[in-house]
Amino acid sequence: MASNQLVKNDYVKTSLRAYFLQNGFNYGNYQGLGYANVMYPALRKMYKDDDDKLQAALKDNIEFFNTNMHFLPFITSLHLVMLENKTPAKEIRNIKMALMGPLAGIGDSLAQFCLAPLFATIGASLAQEGLIMGPILFFVAMNAILLAVKLLTGIWGYKLGTNIIETLSARMEQISNVASMIGVTVISGLAVNFVKITTPIQYVASMPGDQQKVVAIQEMIDAIAPRLLPVLFTGLIFYLIKVKKWTTYKLVILTIILGVVLSVLHLIA
Amino acid sequence: MASNQLVKNDYVKTSLRAYFLQNGFNYGNYQGLGYANVMYPALRKMYKDDDDKLQAALKDNIEFFNTNMHFLPFITSLHLVMLENKTPAKEIRNIKMALMGPLAGIGDSLAQFCLAPLFATIGASLAQEGLIMGPILFFVAMNAILLAVKLLTGIWGYKLGTNIIETLSARMEQISNVASMIGVTVISGLAVNFVKITTPIQYVASMPGDQQKVVAIQEMIDAIAPRLLPVLFTGLIFYLIKVKKWTTYKLVILTIILGVVLSVLHLIA
Amino acid sequence: MASNQLVKNDYVKTSLRAYFLQNGFNYGNYQGLGYANVMYPALRKMYKDDDDKLQAALKDNIEFFNTNMHFLPFITSLHLVMLENKTPAKEIRNIKMALMGPLAGIGDSLAQFCLAPLFATIGASLAQEGLIMGPILFFVAMNAILLAVKLLTGIWGYKLGTNIIETLSARMEQISNVASMIGVTVISGLAVNFVKITTPIQYVASMPGDQQKVVAIQEMIDAIAPRLLPVLFTGLIFYLIKVKKWTTYKLVILTIILGVVLSVLHLIA
Amino acid sequence: MTISIFQCVLIGLWTAFCLAGMLFGIYTNRCLVMAAGVGLILGDLPTGLAMGAVGELAFMGFGVSQGGSVPPNPMGPGIVGTIIAITMKGSGIDVGSALALSFPFAVAFQFVITATYTFATTLTSYAYKALDRKNFKGFRIAANATVCIFAVVGFVIGFGGAFSSEGLQKVISLIPAWLSEGLGVAGKMLPAIGFAMILNVMAKKELIPFVLIGYIAIAYLNLPTMGVAVVGTAIALLVFFHMGKGGSETVEEVEVEFEDGI
Amino acid sequence: MTISIFQCVLIGLWTAFCLAGMLFGIYTNRCLVMAAGVGLILGDLPTGLAMGAVGELAFMGFGVSQGGSVPPNPMGPGIVGTIIAITMKGSGIDVGSALALSFPFAVAFQFVITATYTFATTLTSYAYKALDRKNFKGFRIAANATVCIFAVVGFVIGFGGAFSSEGLQKVISLIPAWLSEGLGVAGKMLPAIGFAMILNVMAKKELIPFVLIGYIAIAYLNLPTMGVAVVGTAIALLVFFHMGKGGSETVEEVEVEFEDGI
Amino acid sequence: MTISIFQCVLIGLWTAFCLAGMLFGIYTNRCLVMAAGVGLILGDLPTGLAMGAVGELAFMGFGVSQGGSVPPNPMGPGIVGTIIAITMKGSGIDVGSALALSFPFAVAFQFVITATYTFATTLTSYAYKALDRKNFKGFRIAANATVCIFAVVGFVIGFGGAFSSEGLQKVISLIPAWLSEGLGVAGKMLPAIGFAMILNVMAKKELIPFVLIGYIAIAYLNLPTMGVAVVGTAIALLVFFHMGKGGSETVEEVEVEFEDGI
Ligand SMILES: OC[C@H]1O[C@H](O)[C@@H](O)[C@@H](O)[C@@H]1O
Ligand SMILES: OC[C@H]1O[C@H](O)[C@@H](O)[C@@H](O)[C@@H]1O
Ligand SMILES: OC[C@H]1O[C@H](O)[C@@H](O)[C@@H](O)[C@@H]1O
């Protein structure tokens with residue numbers, strides 16, 4: 001009779017199942033179904049002969065869950081270690097919930113705000129030169145790195161065991177703060193870089209001696225601050241989202257109307 | 001009989017009277033006379049039938065006062081709100097005095113160290129190209145912004161009322177610190193930018209094979225640090241002011257003599 | 001009979017003797033012999049008629065000592081002041097030992113990580129143009145500044161006397177921290193600047209319409225991060241030193257083998 | 001240019017794969033990737049790549065789904081936009097205009113996905129019921145249902161987009177020059193929404209300095225993306241290591257103050 | 001070139017307005033503004049603008065009056081300097097030399113203003129007395145007296161400067177080339193005084209990093225003024241949000257004050 | 001080219017002076033200085049300067065001895081390398097190859113110096129014994145012995161290097177092109193060791209931000225060395241003044257964690 005003791009391989013397998021975390025995503029319990037499903041084979045092995053326990057364990061873990069999938073293995077590994085150590089269910093739940101938020105922050109910052117923009121920028125510039133390498137590099141680099149993240153965090157959680165967990169969540173919080181500082185820096189930079197608004201308005205100033213001089217408003221704006229118009233427009237959108245609680249739909253419509261009207265009036269280009 | 005209750009309009013009017021704050025400036029009580037004068041119409045309305053109270057109020061407020069005029073309305077509005085709420089005179093005075101310093105810091109940093117240099121630089125560069133827009137832009141931009149500051153701070157003070165005043169003055173201190181950090185950054189930058197000293201000294205180095213090479217001292221200085229001479233000279237002046245307590249007159253004379261003598265000796269240009 | 005009271009000149013002389021601090025350097029007591037020797041003339045004068053005391057003083061000071069020689073005069077001056085004030089030997093020793101570490105940090109950062117790289121870079125660039133001024137400037141500038149440091153710290157220690165010594169060592173610790181922040185910044189910058197590794201690998205991408213395009217790997221690396229290879233290599237070496245405790249010999253051999261092999265394979269250039 | 005039924009099916013399958021990949025987190029749901037595939041299938045890789053590049057940059061800010069939020073979907077430019085760009089190359093539609101024209105689709109797809117997530121909430125009770133009956137297979141079906149729906153949705157979008165491309169071309173060729181130019185201008189403004197959305201999720205007032213640093217790095221110092229990230233990292237670590245307690249204790253209260261934000 | 005009596009009056013009125021504007025805080029007392037007006041009045045706007053630009057940059061550091069301090073007054077270059085530059089354009093005096101020649105005036109005017117402020121201290125006791133008699137009108141006259149004196153002083157300076165311009169020209173044409181060149185060199189050094197004065201008022205040692213940052217921003221990164229301000233703001237806010245109030249001892253208090261946030 | 005015996009002696013003396021100067025802290029033990037001297041002595045200053053420049057930059061990271069550590073010695077390129085470069089100029093050896101060829105010597109000299117310091121430990125007991133006998137002169141001899149040994153060692157190295165230059169040339173001319181090219185490549189990688197050694201001594205994890213700042217300053221902003229130092233100073237002072245206790249409290253823990261470092 002095969003053992004119901006988990007071996008390292010079970011941890012790795014569960015880590016890789018993070019890819020399935022969002023397969024049942026919904027607005028009720030978010031990644032809850034997925035979480036239970038990711039854990040399923042390991043739980044099945046632990047409670048090999050005990051359908052009641054498996055049922056209970058799955059039901060417990062269907063509850064609301066939401067984190068960044070690439071850092072999920074850290075949580076699942078800890079979870080399994082604790083189960084094997086017979087940690088009380090309530091404690092496990094606490095830790096799962098405590099880590100979920102910070103890891104979402106860390107993971108989203110890393111994957112979506114740092115790695116993706118970085119490789120997308122490089123990939124796009126290669127694609128712009130007509131090289132198929134562009135999308136390939138993007139796809140391969142992202143997946144290679146994120147696969148590594150999954151495996152490393154999974155193994156790290158496995159090795160870490162339970163002993164230092166208490167200090168962990170505070171630490172994660174701090175690291176998450178750092179990650180969001182970096183993320184905000186990058187996103188702000190990208191916003192400035194990719195939102196493009198300039199004005200073609202010019203006027204002709206008459207100078208002494210019947211000379212004339214063309215004065216471009218855009219140049220004066222640049223003298224005040226480079227890329228001022230994109231910044232102001234992004235600020236406006238931000239305000240509409242934050243304070244006026246506009247939906248994306250309204251924002252897109254506003255932007256398109258503004259763009260078309262101002263372009264027709266030759267106020268922006 | 002008209003009410004002696006102040007309405008919003010009285011606050012706005014008093015805010016605009018900030019323009020008169022320095023009309024009686026003197027080295028005795030600085031803006032003391034001005035402050036009383038700015039408050040005059042509002043006080044007149046409050047003590048409509050009571051010349052004694054008006055007299056007392058004015059006398060109280062002639063005392064020493066000094067702040068940045070553009071942020072004054074914040075103080076006058078709070079002052080009026082408190083008067084209407086029958087806040088004890090001593091308390092009003094405390095708040096007036098507590099806010100005066102930090103607001104001077106904030107206002108001077110904003111107006112004199114950030115806005116003025118910014119628009120003066122842009123205006124001067126337009127003027128240099130022969131465009132009358134230069135001085136006009138400078139004048140209009142400065143006054144539009146500073147008028148807005150007066151109205152906004154005035155209305156803010158009015159809305160804020162008295163309830164959170166205690167925490168305010170500490171807060172102002174902090175903001176004032178931030179403002180002076182920004183101010184010092186800008187001023188240092190401007191100093192480096194606008195003080196101009198270079199040396200034309202060169203010497204001819206003989207090289208192997210009877211070749212010769214002109215070595216410009218200025219280039220070596222630049223290699224050590226760009227704009228080193230202006231920085232050193234500004235540092236010297238700073239030292240003379242700070243440690244030796246020199247007056248402006250002495251400094252101007254020193255600079256002119258230095259400039260003329262070193263220029264005649266072809267040591268600087 | 002000449003006084004055995006020290007005069008200012010004795011302090012200056014002892015300060016200048018800092019040049020001899022490392023004349024007896026060894027891996028037993030480092031600058032211990034040197035320290036005693038630097039102090040010798042002053043001690044001789046103090047204990048003019050008392051060989052026993054001189055003997056004891058010298059023996060005491062042969063013990064382990066290690067600091068940056070240019071900042072040594074600060075310690076020797078304090079030492080002498082304290083001796084004259086009859087400070088208990090134990091206390092003197094404490095202060096000597098407490099200052100030794102931070103001053104090593106400050107001095108090494110200043111001399112070796114800031115001044116030397118600065119003037120060496122300038123000197124080398126002049127030398128590269130064939131100007132003998134290069135080495136001369138380097139030598140004169142370094143020695144002039146470091147001589148000034150010796151004299152100033154010596155005089156400062158003399159003036160400071162003993163009264164504020166207690167707070168000093170904490171301060172020195174802080175200043176040393178600041179110095180190492182600056183030092184690390186400069187050294188990291190220099191590493192990035194002076195370690196040079198690039199790859200000549202190229203491949204030919206076929207494009208639509210039978211066109212071909214040469215894609216240089218180095219350009220793609222630069223797009224990810226400039227000077228990435230030198231940074232990675234320096235990181236590798238750092239790891240080998242820190243974690244694997246490799247000696248310099250092994251590192252040099254590894255580097256030479258790597259360089260030769262990869263160059264032969266045309267992987268780096 | 002017309003699209004064969006075989007190509008329509010291929011595009012449908014490709015879109016199904018890419019959209020499902022969004023849930024798998026494998027970054028196929030990006031304009032850069034999708035457009036290249038469509039280009040290959042339609043035999044015009046260069047236009048596919050060009051469209052992918054332009055759309056990727058414009059949707060950079062939208063390429064983010066955080067905390068369950070659903071941004072406009074890159075299938076807009078990546079699938080529909082690329083079809084437009086390739087089939088109408090001869091009629092004066094360049095990738096810029098195709099991008100602008102595809103925006104309404106991106107928003108429409110966003111609707112569809114939001115609807116899917118909402119509808120999928122029923123899966124939970126289904127799963128509970130299956131577990132009650134110890135029907136573990138049923139539970140696993142529920143746990144994988146969303147991704148299956150996505151594959152179907154993706155196929156429909158891809159196939160439909162390709163199949164109706166002729167009708168699409170007719171409609172689009174009616175668009176006057178001033179409008180398509182205006183749409184182009186609007187297209188370059190649209191990324192602002194994506195970035196503002198992210199900043200809205202992340203922004204606490206303590207992060208304002210980092211917003212400014214990002215601005216400086218790009219607008220004044222012209223750093224590349226990676227450079228901005230390195231600068232951000234340096235300063236974030238500076239705060240982390242050297243502001244010690246100040247920093248970490250602040251955090252909790254920050255969360256509280258989050259509501260009133262910047 | 002000679003100046004008509006009518007122009008002299010106009011320049012007097014303009015100067016009166018500009019100087020009074022210093023107290024009103026409307027930024028008319030700037031070289032850029034004053035020189036343009038003088039240029040208009042004398043019918044040579046281009047020279048007025050050129051002089052305004054050069055003088056404005058040189059007096060950038062002086063354009064500040066803080067805590068009641070009185071810097072050299074821009075009427076020097078803005079009024080007198082511009083008159084010199086315009087009337088002596090033919091005699092080899094360019095705006096650079098005119099700037100240098102006007103410095104003594106700038107300092108002299110600083111004297112006059114300081115004297116006015118000192119003399120105006122008598123207004124206070126006058127106001128008190130008026131109030132004692134409930135003579136509110138008297139109080140209000142006192143409260144507006146300084147600005148009236150300024151208007152008169154401004155008129156005298158402007159009118160006088162214009163009226164005596166011929167004498168001025170004679171004196172100036174006696175100045176040898178080496179001297180006027182030397183004065184030009186000195187002119188470019190003079191702003192140091194203004195900046196050092198401001199730094200002296202503001203500087204605590206805690207602000208040294210910001211002095212360095214300003215230096216880096218200009219000398220190494222060549223940022224424009226606004227860029228320097230943005231960098232300064234970013235770092236100041238970083239300190240504000242993440243380091244508490246500053247100074248070593250204040251950290252504890254920071255913890256306490258944190259509740260009320262920004 | 002051959003070297004006269006007189007030149008050999010001169011090079012020996014020069015090397016003795018330069019190496020002793022390492023202990024005196026007068027910065028003669030730098031490639032830039034030593035190579036120039038050798039160039040002068042051999043009558044080929046230009047090559048001496050070129051070699052000095054190249055070697056100085058390569059050994060920048062080694063130009064440091066901290067806490068008693070002994071880095072590869074610049075006498076390698078400065079003395080031996082320069083001799084090679086000058087004498088073999090005609091045989092296709094440029095300063096780059098000479099640099100690479102001199103590395104083994106630099107490491108060998110490092111051995112010799114380490115050995116000297118180790119051997120010199122015996123001086124301490126000698127000094128104690130001398131003091132026991134109140135033989136102060138003996139004490140002083142001990143206290144100056146290391147520098148004397150260095151002078152001798154320096155002379156031997158300089159003289160020997162010059163004297164054996166012909167044999168050296170023969171050996172070197174046997175080196176194939178691919179190897180000398182490879183050595184050149186390795187030469188440009190070697191500074192990494194020096195820098196990593198310094199960073200190892202200094203680095204605590206709290207300093208990581210400064211490592212990044214150094215990287216940014218050079219790799220992205222192309223600042224000169226002095227600029228990097230100014231940036232570092234600005235930020236270090238910012239930490240010093242504005243993070244107060246946060247900073248200093250960390251420090252203690254830092255000391256503890258120092259062992260495991262980054
Ligand atoms: O924010 C955490 C997490 O939330 C949701 O599950 C999705 O938006 C994910 O993309 C994201 O990683
Ligand atoms: O510093 C506050 C205030 O002081 C004085 O009143 C004047 O110098 C004003 O310009 C300044 O705003
Ligand atoms: O680190 C202090 C000190 O240690 C040793 O004595 C030597 O390496 C010196 O160069 C260094 O200054």
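Just so it is clear: chains get the letters A, B, ... in the order the sequence lines come, proteins before strands, and each one is counted from 1. Computed from a prediction, not measured in an experiment: that's the story for all the values here.
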### Top of F:Ile213, F:Ile216, F:Leu207 for chain D proximity - count of heavy-atom pairs under 4.5 angstrom
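Counting heavy-atom pairs under 4.5 Å, the top option is F:Ile216.
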### Message
Do F:Tyr220 and D:Val231 have side chains that approach each other closer than 4.5 Å (heavy atoms only, starting at C-beta)?
### Response
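Result no, sub-4.5 Å side-chain heavy-atom pair not found.
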### Message
Going by side-chain contact (heavy atoms from CB on, under 4.5 Å), F:Pro209 matches just one of D:Thr233, D:Leu238, D:Ile235. Which one?
### Response
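When D:Thr233, D:Leu238, D:Ile235 are each tested with F:Pro209, the side-chain contact (heavy atoms from CB on, under 4.5 Å) holds only for D:Leu238.
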### Message
Using every non-hydrogen atom in the two residues, find where D:His242 and F:Glu206 come nearest and quote the distance to one decimal.
### Response
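D:His242 and F:Glu206 have their closest heavy atoms at NE2-O, 2.9 Å.
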### Query
Side chain, backbone, both or neither: which part of F:Leu221 has an atom under 4.5 Å from a heavy atom of chain D?
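The side chain, not the backbone.
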